[in-house]
Amino acid sequence: MTMLLIKKRNQMATFELYRRSTIGMCLTETLDEMVSSGILGPELAIQVLVQFDKSMAEALDNQVKTKVSIKGHLHTYRFCDNVWTFILQDALFKYDECQENVGRVKIVACDSKLLVQ
């Protein structure tokens, strides 16, 4: 299950949503190892994760320009705390000149207006 948390820090709210991605999980595991071995303090590890949250949101907002069309069977949908969650089965992703079939996909959509408060 994907979790969404909002934390206010320096007048900016950040979503911890991307920590559940592959790169976010690897970063968290690496930071845990570094804290456990004494290489890094826990406070600095938390600062790295907060910066990761901000950087991911900024990169997706500013650097991703590709538009994707998605078709599939809507298995489940949910709207809770301004977050939409969709689970699609037999999804077809179309972008540029390519297309990919995916058996099952989970899409989590958050209101970007919540990032600036």
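- Atom-to-atom distance recorded for M56:CE and D61:CG is 12.5 Å, nearest 0.5 angstrom.
- Taking every heavy atom of both residues into account, L44 and L40 meet most closely at CD2-CD1, 3.2 Å.
- A 6.0 Å sphere centred on CD1 of I23 holds no more than 12 heavy atoms belonging to other residues, nucleotides or ligands.
- Hydrophobic clustering of Ile, Leu, Val, Met, Phe, Trp and Tyr side chains at less than 4.5 Å, counting indirect connections, keeps L92 apart from F86.
- Taking the side chain to side chain contact (heavy atoms under 4.5 Å, CB included) definition, one finds that Q51 meets it with K54, S55, sequence neighbours left out.
- Nearest heavy-atom pair across Y95 and K67 is CB-O, 3.7 Å.
- L27 contributes atom CG, which lies 6.0 Å from atom CZ of F52 (distance to the nearest 0.5 angstrom).
- Shown here for G41 and V35, the closest heavy-atom pair between the two residues is O-CG2, 4.0 Å.
- Grouping the Ile, Leu, Val, Met, Phe, Trp and Tyr side chains by contacts below 4.5 angstrom, directly or via other members, places W84 apart from Y18.
- For the atom pair M34 CE and L31 CG, the distance stands at 7.0 Å (nearest 0.5 Å).
- To the nearest 0.5 Å, the span separating CG on L49 from CZ on R19 amounts to 4.5 Å.
- The local environment of CD in Q89 is crowded, with over 12 non-hydrogen atoms from other residues, nucleotides or ligands closer than 6.0 Å.
- By the criterion of side-chain heavy atoms lying less than 4.5 angstrom apart, applied directly or through intervening Ile, Leu, Val, Met, Phe, Trp or Tyr residues, V83 is not grouped with I107; the two fall into different hydrophobic clusters.
- Here the straight-line distance linking atom OG of S69 with atom CZ of F93 works out to 10.0 Å at 0.5 Å rounding.
- We find the CD1-CZ distance between I87 and R78 to be 6.0 Å, quoted to the nearest 0.5 Å.
- A 4.5 Å side-chain heavy-atom check between L74 and L88 finds at least one atom pair inside the cut-off.
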